[in-house]
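For reference, the structure discussed in these notes is given below.
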Amino acid sequence: MPGLLFPEGFIWGAATSAYQIEGGHDSDGKGESVWDRFTHTSSKILNHDTGDIACDHYHLFEKDIALMKELGVGSYRFSISWPRIFPDGRGKPNQKGLDFYRNLARLLAGNGIQPAVTLYHWDLPQKLQDLGGWENREIIDDFEMYARTVFEALGDDVPIWMTLNEPWVSSFVGNWYGGHPPALTDFPTALKVAHHLLLAHGKAVRAFREMQMKGEIGIALNLNPVYPASEDEQDLAAARRYGDYNNGWFLDPIFKGNYPAELSGWLSERLTLPEFSAEDMSLIHTPIDFLGVNTYASSSILHDPGDWPLQLRSARTGKARTHSGWEIYPEGLYDLLQYLHAEYGGIKMMITENGAAFKDRLEEDGKVEDDERLVYLYDHISQAHRAIRDGVNLSGYYVWSLLDNFEWNLGYSRRFGLVYVDFATQERTIKKSGWWYKRVIENNRLVAG
Ligand code: FCB
């Protein structure tokens, strides 16, 4: 059979997150999250969309597991809503919340689908935000308590764990660009938040080891292949800074025990860095089992003296873009994986998110012919294969996303799913890319569309 064969045991998955699909925003004792509050009160969400109902997965999860079974998905990456477990952020856990995820994990496992759980995909309990959220160092202990509670409840059923999803986004989009809650625009605060997120990650990993959990634990970072916009010295330096900012600021502490030196030096000439004690750095540096790579687009970077404090910006290139405006450059995936492999000592990796938004249409014949997505996925999976062939330790690939869902500030306007969701009726339709992905999984091989 033609097509690129993947190593035996390669994990083929699909990913979602709690706020983006669950709905049931106040069901069964769930507390308010910062995203509930933000979507209800901010003007920063397209069409004033909210996740109140989303894909109603909280009530339809059995149907969604049946869909995964149909697709043959080997692993499902989902996140836990922290305020479903701790409605008040602290205190007594909500048994109904724990039961929901236990039932979900068991039903997945019973259907031969490995649950891959992310503890935190941005939906902080509002009650903790009221105490200062990630800016308040106390949150590290709250996160540890939450992590221990979930490990205890789901440990027997979950083989793959991730502490945080894209802490760069929580830190910088939430506290510097002001796009996500708490919608601040203060760079030093974003650095402090990043540090606390990393510490919370380290604490949860230590708790996982202490509790002698079976399974593996890692973290999912948003990582981009970065290229300078020109060979100009200043653009080269700006591209290095961007790499340190977007990728290295989280990778280096976790895998090397320090923040990137060049960018730390640059920033300390322009602002006061938070204190990073040796003890903190050693906690963050606690060994993990795998790196989760969330990756979508490449970045072409140039020097921009008007931009404080980083003095850089993205250049527009002639590359094709998705409906989200993200540059399509599949070779970038290969470059990124090679870079991570070389820079961080051959660490085991999984692609925990990759995919694309396109303007899908449900046709009258009931089909969704999303050829652009199919080609996007084909090209990226092909680069993943090339990386494996060249020695990169990549053990899995998760498509973002299983379902069309709530795409944060863009609401329901951007569809990423292998499965089309009609948000008025909650009807699901497997798209052409979904049927194709099923054949890839069945054959463990990249087959033509
Ligand atoms: C990532 C997020 C995920 C989804 C995709 C499109 O940054 O982790 O929740 O929104 O982008």
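Atoms within a ligand are numbered from 1 in the order they appear, just like the ligands themselves.
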Quiz item: How close does the nearest protein non-hydrogen atom get to atom 10 (O) of ligand 1, and which residue and atom is it?
Solution: E407 OE1, 2.7 Å
Practice problem: Please confirm whether V169 comes under 4.0 Å of ligand 1, counting heavy atoms of the residue only. | Solution: no
Practice problem: Identify the two heavy atoms, one from H25 and one from K30, that lie closest to each other, and give their separation to 0.1 Å. | Solution: O-NZ, 2.9 Å
Quiz item: Among all protein non-hydrogen atoms, which one is nearest to atom 5 (C) of ligand 1, and what is the separation to 0.1 Å?
Solution: Y296 OH, 3.2 Å
Practice problem: Looking only at distances, please establish whether an N/O atom of ligand 1 is found under 3.5 Å from an N/O atom of Q20. | Solution: yes
Quiz item: Tell me, which protein residue and heavy-atom name are nearest atom 2 (C) of ligand 1, and how many Å apart are they?
Solution: E353 OE1, 3.4 Å
Self-check item: Numbered atoms and elements of ligand 1 in range of F416, under 4.0 angstrom, heavy atoms
Solution: 6 (C)
Exercise. Ignoring angles and geometry beyond distance, decide whether W400 reaches within less than 3.5 Å of ligand 1 through its nitrogen or oxygen atoms.
Key: no
Self-check item: Heavy-atom gap R414 to ligand 1 smaller than 4.0 Å
Solution: no
Exercise. To the nearest 0.5 angstrom, please state how far the CE atom of M162 sits from the CG atom of L221.
Key: 11.5 Å
Self-check item: N or O pair under 3.5 Å between W326 and ligand 1
Solution: no
Self-check item: Numbering as shown, the atoms of ligand 1 that approach W408 to under 4.0 Å (heavy-atom distance)
Solution: 3 (C), 4 (C), 9 (O), 10 (O)
Quiz item: Among protein heavy atoms, which lies nearest atom 7 (O) of ligand 1, and at what distance?
Solution: E166 OE1, 2.6 Å
Exercise. Tell me whether the guanidinium CZ or amine NZ of R241 lies under 6.0 angstrom from the six-membered ring centre of W266 and within 45° of its axis.
Key: yes
Self-check item: Ring-face cation of R415 near Y420 (centre distance under 6.0 Å, axis angle within 45°)
Solution: yes
Quiz item: Would you say the ring centroid of W408 lies under 6.0 angstrom from that of F38?
Solution: no
Quiz item: Relative to each other, are the rings of H385 and F6 parallel, tilted or perpendicular (30° and 60° limits)?
Solution: perpendicular
Self-check item: Cation-pi geometry met for R386 and Y334 (6.0 Å, 45°)
Solution: yes
Quiz item: Partners of F100 by ring-ring contact (aromatic ring centres under 6.0 Å, His included), sequence neighbours excluded?
Solution: Y58, F61
Quiz item: Which atoms of ligand 1 sit under 4.0 Å from any heavy atom of N165?
Solution: 8 (O)
